[in-house]
Structures are given as structure tokens and as C-alpha cells.
Amino acid sequence: MGKKLARSAAASLLLIVFGVCRIAIGQEPSSSVGIFEAHGDVGTVQHAGKSEYESSKHSYTLTGSGENMWSNSDNFQFAWKKWSGDASLTAEISFVGQGGNEHRKAVLMMRQSLDPDSAYVDVALHGDGLTSLQYREAKGAATHEIQSDISMPAQLRIEKRGDYVSMWLGARGEKLKPAGAAMRVSFNAPFYVGIGVCSHDKDAIEKAEFSNVKLKEVPRTVASDQQILYSTLETITVDSRDRRIVYSIPAHFEAPNWTRDGTAFIFNADGRIQRLSVAGGKPQTIDTGFAVQCNNDHGISPDGKTLAISDHSQGDHQSIIYLLPITGGTPRRITQKSPSYWHGWSPDGKTLAYPGQRNGEFDIYTISAEGGEEKQLTTAIGLDDGPEYTPDGKYIYFNSVRTGRMQIWRMHTDGSMQEQVTSDDLNNWFPHISPDGKWLVFLSYGKEVEGHPENKDVMLRIAPLKDDKPDGKIEVLAKLFGGQGTINVPSWSPDSKQLAFVSYQLIPKENTAK
């Protein structure tokens, strides 16, 4: 006992002598706080934080300092419990007092260690109401986020099932529900689950109250008939790799196009074409006349006035390409043969590119936007799909399985000089070139996945282009649960800074009923 007291006194003396900051890397205090085992400051803080529990109200009040929880290192007050397996942590969160920095944060967190640069995922409520799923995929990596479209929610939840951690939010007067944000981050057992506060100002102290806090174990697997599919339209900024939720519902929709004026998205749902403001809200159905079985192969003309759709409501009920005004109207048939699936529009607006199945083989074809005879560009055995023109009109990119694994290819617009662009252990689909011609984005499945099925672990990958060809390292732009419907068609923003896509989640029905 005497040695412990001596060490404590020595530590206090050091804090007084050098008392500029409190460094608490890997600190594991012994004092418990309610359902949490311990609390302490993570990282470097100017002012020691504290965590208090009021049993009569079942609430926690955390006081914390810290410059930020972002980039490669975090500084904050943390009350935590060691955990193994899957879990959900739910709370109502409110800041105490007016506060200072609008980016101060109160969080529900899962974290691999108490090191300041640890891998983590949190649901973060900011002082200005912004709520986001923040994550650092590996120790020392950069932090990124998926911003919610709900501001200042009344109730928040972080939930881990397998390698996916998701954000749930409940606006005031509404039931808690999936917010559409989910990220694949692996944790080794044990890891830390808890609540935290950061002032986002090294000289300031902030306080937040967490009430109705519930931490529970959740089952990893649920029978498929007990799951609900959620679809989320997201955007991602190429430079920062940060994502934003635009629209999320418990239903199936697919394949966003970004309109040429940058104001809206167009996607398909239940056989109809929908238009949604970039700001979110409720989508409006575009009148497509008799074409009420539209699939996810649709797109917008270079001048922004015409919409191409692929619909199978007529004739032999296989996909046929039609054109109509982007505001809606009667579709005009373009392809006489079926199935044909629109994918690309030449920069001059005169020609469409598409895969079509003829005599049992899927190849790439082009046809005049006025209709007429189609021209076959590829003849290789195996599926050729996803043709898209480069902005300068010199090349058509596409994906082909001709070498045994689906890879990205390109060719001249007359079909000559076909050459392989990617060559790796993944299956790569649907190449999309940015409007400024500087970037190539495509969808990647694992090597074991055949075709482009739905509900798989996939990645959006990006490579810089030079002279219309990848130049440099291919990088991961985003990891998500998706596949079919995620990014089948062109979805770049007009300024080439962002990309739109759809991610999916399978949520247990039991969870959505609570």
C-alpha cells in the first residue's frame, strides 16, 4: 500500500511540475462508471476529463477536453467496457450548456485499443447537430466519415454485426432506425465499447449527458426471411474519401445517375424511374409511359435533355432501349433486337453503346440515337458488358471475362485495338470515367464471386487516367455491402469531384420493431 501511495504522489508531482497537459495513452483506470468498467483520457489533453454516473436517472455525464478526434490521432474522455462479439450501444445524447466549438463531439464508440491512433468506429453527434459515422480502418490510418441526413437526432445507436458497424438514429418523435451508414472495420477480441466526449478545442472543456444507455449483445446471423433490405444513396468526395447519405429507405432501389446540371439524381425502383434532389427529400416518379419495368441500365444525354432507359415490359419481355425527354414522356424505341441494356452515350450525343445478347453471346454494340442498324464491336467468347465512352470520344471502356476473370478493357470506338486495362485477382465491373477525363472508377468483387450479384462485400476502386489510360496505383475509394445496383451506370458529379452510388444493409426485423 505504501509503495502505491508513493507512486501516486510522484505522479501527481510530475503533473504539477510539468502541468501543461495530461497524457493518457493506453490508460486503464480501475474506477467503474455504471455499466462501464473504467474511464480515462485517451491521447493528449490540456484538462483532465471525468465520467460520472447517476443511478437514479440512469444517466452518464462526461466532461472532456481534447483538440480533436480525427486524422491519425484522438484526444478525448472515454468511459468503456471490454467486449468480445457483436453488440449494440444505444443512448440519448445532449450537450450541457451552450458550448464553444461547433464541432465538439459526443460519441458512441467501438475501439480496438486505448492508443490514440487506434482503429475505431463511432457514431458522433457534433455541437452543430451534424451526426456521422466516423471510422479509422487500421491503427495510424486516416479518419473518414459518412455524414447522416438527420441533424441533432434524439436517439443514437452504434451496432456491430460481423465486420460491419452501422449507425442508427431516431429524430425527435420518430422511432430509432438504420441511418444508412455502415462501414467494414475488423476488430480483434477483446475491444472497447463506450461513450466519449471531445471539446475539439485543446483549451476548452465540454460536457455531455448520455441517458437511457443500453449495451447489449446481438446475434451475428439472422435467417434471411427475418431480414429487411435497406437501400442508401450516398455520395463520396474523391479528394477526402468522405461520404454523405442522401436518401435511405427499407426498400430496394438501384443505380444513380447524376444529372448534367448537378441538381438531382435519377435511379430505378420497382420498375419505375425516380428523380431525387441532391439535397435529399422525397423522390418523384418520372413518367415513362408504357415502360413500367425499367431496369438499372439508364442514363442521360450529354446535353441533359434526354433519358435513355432499358425496359422489358413490351414484346418478348426482354430488355429494350428507349429514349424519352428527361422530364418524362412517351418512350421512343431504339433497339429492335433484345435483350439490349443501355450503358454509354457518345460525347456528341449521336451514338449509344450497350451490351446485347445475340446467339447466346453477350457482346458490345453501338447504334445511332435515331435508331437503325446496330454495329457489333466485340466478338470474344464470354460476357462483355458495361461500355462507356471517354469524354473525348476516342475510346470505349468495358468489362470482359474473356481472360477467365472479369477485368476492365478499352477499345477504339470502332471496336479496334481492344486491350486489357486491369489485371488482378479481383473481378472488376462497370468502368466509369470522370467528366474531366482524369479518373476511372469501377466496382470490384472478390475473386471467388461469379457475375455481379447483389448483397456482397465489394469495393469502389479508383485510378488516375493519363492519355485515356490508367496511370498510377489503383486505390480503394470505398468499401461497402452492395454489388448489383451499386454503380451500374455513370454517376459522376458534373465537376468530377464526387461520385454517387447505392449501398445496402440487411437488417433483422426484430431490430426495426424496437
Side-chain angles (χ1 to χ4, degrees), residues 146-150 179-182 229-238 242-288 291 294-311 323-329 341-345 386 388 430 432-436 439 441-443 454 458 460 462 477-478 480 482-505:
I146 307 175
Q147 294 185 358
S148 170
D149 58 342
I150 298 174
L229 177 74
Y230 272 74
S231 304
T232 301
L233 197 161
E234 299 185 51
T235 62
I236 185 167
T237 301
V238 172
D242 292 332
R243 293 154 61 173
R244 180 178 70 90
I245 295 168
V246 180
Y247 180 62
S248 184
I249 57 170
H252 185 253
F253 63 80
E254 302 177 307
N257 303 125
W258 205 313
T259 58
R260 302 291 184 180
D261 61 7
T263 64
F265 302 107
I266 289 174
F267 59 89
N268 62 291
D270 297 323
R272 307 302 296 270
I273 302 296
Q274 308 285 325
R275 182 185 177 98
L276 175 72
S277 169
V278 166
K282 184 177 180 180
Q284 302 296 317
T285 301
I286 295 176
D287 177 16
T288 53
C294 299
N295 57 51
N296 56 34
D297 295 322
H298 44 76
I300 303 165
S301 62
D303 64 7
K305 296 179 180 180
T306 304
L307 177 66
I309 59 172
S310 304
D311 174 81
L323 299 183
L324 67 151
I326 198 166
T327 54
Y341 302 87
W342 181 89
H343 270 272
W345 213 311
E388 185 170 313
F430 305 131
H432 302 307
I433 301 94
S434 59
D436 62 9
W439 297 101
V441 163
F442 52 91
L443 180 73
E454 61 186 11
V458 296
L460 297 180
I462 187 168
L477 185 62
L480 61 140
Q484 168 73 328
T486 289
I487 192 169
N488 295 60
V489 291
S491 56
W492 279 95
S493 62
D495 61 7
S496 300
K497 294 181 179 180
Q498 299 180 77
L499 197 78
F501 62 95
V502 178
S503 61
Y504 299 93
Q505 289 179 266

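Keep in mind that this is a model prediction, so the values were computed, not measured. Counting from 1, the numbers follow the sequence of the chain as shown.
Checked by atom type and distance alone, the side chain of Glu454 never pairs as donor or acceptor with a backbone atom of Gly485 at under 3.5 Å. Remark: the backbone N or O of Pro494 is not paired with any side-chain donor or acceptor of Trp492 at under 3.5 angstrom. For the pair Ser310 (side chain) and Tyr341 (backbone), a donor-acceptor distance under 3.5 Å is absent. One N or O on the side chain of Asn257 and one on the backbone of Pro490 form a donor-acceptor pair closer than 3.5 Å. In this structure a side-chain-to-backbone donor-acceptor pair under 3.5 Å is missing from Ser248 to Thr232. Formation of a donor-acceptor pair under 3.5 Å by the Ser496 side chain with backbone atoms of Ser434 is not found in this model.
Residues Val246 and Asp149 are not in side-chain contact: their nearest non-hydrogen atoms beyond the backbone lie 4.5 Å or more apart. Within the 4.5 Å cutoff, side-chain heavy atoms of Trp439 are placed close to those of Val238. In this structure, the side chains of Phe501 and Arg243 come closer than 4.5 Å at one or more pairs of heavy atoms. In this structure, Thr263 and Arg275 have side chains that are in contact, with non-hydrogen atoms separated by less than 4.5 Å.
Closest of all the heavy-atom pairs between Gly482 and Tyr504 is CA-CD1, 3.8 Å. Scanning all heavy atoms of the two residues, the minimum distance from Ala255 to Val502 falls at N-CG2, 4.0 Å. Contact detail for Gly329 and Pro325: the closest heavy-atom pair is CA-CD, 4.4 Å. In terms of heavy atoms, Ala478 sits closest to Leu480 at O-CD2, 3.9 Å. Contact record, Ala500 with Leu233: CB-CD2, 4.5 Å, taken as the closest heavy-atom pair. Closest approach of Ile433 and Glu388 over heavy atoms only: N-OE2, 3.0 Å.
We find the CZ-NE2 distance between Phe430 and His343 to be 5.5 Å, quoted to the nearest 0.5 Å. Going from atom CG of Asn295 over to atom CD1 of Ile309 covers 9.0 Å, rounded to the nearest 0.5 Å. Atoms CD and CD, from Gln284 and Gln274 in turn, are 8.5 Å apart once rounded to the nearest 0.5 Å. Taking OG of Ser231 as the reference point, atom CD of Gln505 lies at 10.0 Å (rounded to 0.5 Å). From Asp311, atom CG reaches atom SG of Cys294 across 4.5 Å, with rounding to the nearest 0.5 Å. The structure places OG of Ser491 at 11.0 Å from CD1 of Ile236, a figure rounded to the nearest 0.5 Å.
When each of Asn268, Thr288, Ile286 is tested with His298 by the rule side-chain contact (heavy atoms from CB on, under 4.5 Å), just one qualifies, namely Asn268. With Ile300 as reference, Ile266 is the one residue of Asp261, Ile266, Thr306 to meet the side-chain contact (heavy atoms from CB on, under 4.5 Å) rule.
For Asp270, the CG atom counts as loosely surrounded, since its 6.0 Å shell holds 12 or fewer non-hydrogen atoms of other residues, nucleotides or ligands.
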Original post:
Does the side chain to side chain contact (heavy atoms under 4.5 Å, CB included) test come out yes or no for Leu499 and Ile487, once each step is laid out?
Top reply: CA-CA 9 Å; Leu499 197 78; Ile487 192 169; 3.5 Å; yes
**OP:** I would like to know whether Thr235 and Phe265 meet side chain to side chain contact (heavy atoms under 4.5 Å, CB included); could you show each step before the answer?
**Re:** CA-CA 11 Å; Thr235 62; Phe265 302 107; 3.7 Å; yes
**OP:** Show your working on side chain to side chain contact (heavy atoms under 4.5 Å, CB included) between Arg260 and Asp303 and close with a plain yes or no.
**Re:** CA-CA 7 Å; Arg260 302 291 184 180; Asp303 64 7; over 6 Å; no
**OP:** Begin from the C-alpha positions of Leu460 and His432 and carry the test side chain to side chain contact (heavy atoms under 4.5 Å, CB included) through to its verdict.
**Re:** CA-CA 11 Å; Leu460 297 180; His432 302 307; over 6 Å; no
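Tyr247 and Phe253 have their aromatic ring centers within a separation under 6.0 angstrom.
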